[in-house]
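Notes follow the structure.
Being a predicted model, the structure only gives us computed values, none of them experimental. Note that the numbering runs from 1 along the sequence shown for the chain.
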Amino acid sequence: MGFEQESSVTNLIVNPGKWVSEAQLMALKGIKKGTLKKARAQTFLEGREYRHVSSDGQPWDNSPCFYNIEEIDHWIERQSMARPSRKARESF
């Protein structure tokens with residue numbers, strides 16, 4: 001009758017394999033692109049948590065990355081407990 005229905009698209013990853021793309025990992029785990037970039041530089045090991053891929057099997061260091069979802073879960077589990085922020089400490 002005179003109203004427009006809003007359409008939305010939901011991407012669902014039903015059964016990811018061992019290695020997932022950066023976009024899939026961000027959707028599955030909620031990890032931001034900047035966090036992944038920093039983790040690759042500081043804590044991830046290439047070949048364990050991530051690897052570069054290319055169509056010819058000879059990737060460069062700027063080729064797209066795929067991530068081992070099991071190792072990413074282990075990385076998340078190894079995280080320290082969050083420290084209280086300064087603002088939270090001052091409220092006590």
Listed partners of Asp56 passing side chain to side chain contact (heavy atoms under 4.5 Å, CB included), at least two apart =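 Testing Asp56 for side chain to side chain contact (heavy atoms under 4.5 Å, CB included), a comparison that skips the adjacent residues, returns Ser54, Gln58.
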State which residues pass side chain to side chain donor-acceptor pair (under 3.5 Å) with Ser80; sequence neighbours excluded, sorted by chain then number.
->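 Per chain and number, Ser80 pairs via side chain to side chain donor-acceptor pair (under 3.5 Å) with no residue.
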Where does the angle between the aromatic ring planes of Tyr67 and Tyr50 fall among parallel (under 30°), tilted (30 to 60°) and perpendicular (over 60°)?
->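 Tilted.
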Hey, could you give me each pair passing salt bridge (Lys or Arg N to Asp or Glu O under 4.0 Å) that has a residue in residues 37-55? Not counting sequence neighbours.
->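 The answer is Glu22-Arg40, Glu49-Arg78.
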Minimum heavy-atom separation for [X] to [Y], with atom names?
| X | Y | value |
| --- | --- | --- |
| Trp19 | Gly47 | CH2-O, 4.0 Å |
| Asp61 | His52 | O-CE1, 3.0 Å |
| Ile31 | Met26 | O-CG, 3.0 Å |

Going through the distances and angles, do Ile72 and Val20 end up as a side-chain contact (heavy atoms from CB on, under 4.5 Å)?
-> CA-CA 11 Å; Ile72 299 300; Val20 297; over 6 Å; no
In Å and rounded to the nearest 0.5 Å, what is the NZ to CG distance from Lys33 to Leu36?
->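 Between atom NZ of Lys33 and atom CG of Leu36 there are 8.5 Å.
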Take Ile69 and Gln24 through the test side-chain contact (heavy atoms from CB on, under 4.5 Å) and record every step on the way to the result.
-> CA-CA 10 Å; Ile69 197 142; Gln24 290 172 319; over 6 Å; no
